[in-house]
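Single-structure report; data block below.
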Amino acid sequence: MARQHARTLWYDRPRYVFMEFCVEDSTDVHVLIEDHRIVFSCKNADGVELYNEIEFYAKVNSKPVWLSVDFDNWRDWEGDEEMELAHVEHYAELLKKVSTKRPPPAMDDLDDDSDSADDATSN
């Protein structure tokens with residue numbers, strides 16, 4: 001049986017690149033992180049061998065394979081305080097506009113004749 005590539009997702013941040021190899025029910029998982037490449041291999045639920053080898057552009061600082069990001073709780077903290085403050089100010093402004101009580105709109109520009117004209121046409 002020939003090897004196949006595992007579907008791989010990646011995204012980057014200013015100082016980091018994240019990769020996720022998407023394989024359900026994987027077995028025999030092996031991850032090798034070297035200075036200039038990463039090698040991922042495993043078998044999927046059907047016993048098909050998956051293999052990815054990715055060469056890096058520059059030397060990387062390898063991390064333990066068992067360490068991963070908890071995306072359910074992950075948050076990019078860089079510059080977050082400024083964004084949060086801007087959001088708070090924006091919502092405070094919106095609340096101020098909404099909570100300002102104004103007199104109800106004048107209805108004197110409505111024509112009483114239009115109602116009677118509608119009644120006349122419907123008969």
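Residue numbers start at 1 and run along the sequence shown.
Here the side chains of Phe21 and Leu9 are not in contact, with every heavy-atom distance at 4.5 Å or above. Looking at heavy atoms from C-beta onward, Ile54 lies in side-chain contact with Met19 at the 4.5 angstrom threshold. Counting heavy atoms from C-beta outward, Val17 and Trp10 have side chains that approach closer than 4.5 Å. Using a 4.5 Å cut-off on side-chain heavy atoms (C-beta onward), Asn44 and Leu50 make contact.
Between Leu32 atom CG and Ile38 atom CD1 the span is 8.5 Å, to the nearest 0.5 Å. With rounding to the nearest 0.5 Å, the separation of CZ in Phe40 from CD1 in Ile33 is 11.5 Å. Separation of atoms NZ (Lys43) and OG (Ser26) is listed at 12.5 Å; rounding is to 0.5 Å.
Pairs engaging residues 51-60 under the side chain to side chain donor-acceptor pair (under 3.5 Å) rule: Thr8-Asn52, Arg37-Glu53, Tyr51-Glu53 [sequence neighbours left out].
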Practice task
Tell me, with the steps shown, if Cys42 and Asp28 meet side-chain contact (heavy atoms from CB on, under 4.5 Å).
Solution key: CA-CA 5 Å; Cys42 72; Asp28 283 338; 5.6 Å; no
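Within a 6.0 Å radius of NE2 in His5, other residues, nucleotides and ligands contribute 12 heavy atoms or fewer.
Residues satisfying the salt bridge (charged side-chain N to carboxylate O under 4.0 Å, His left out) test with Arg7, not counting sequence neighbours, are none.
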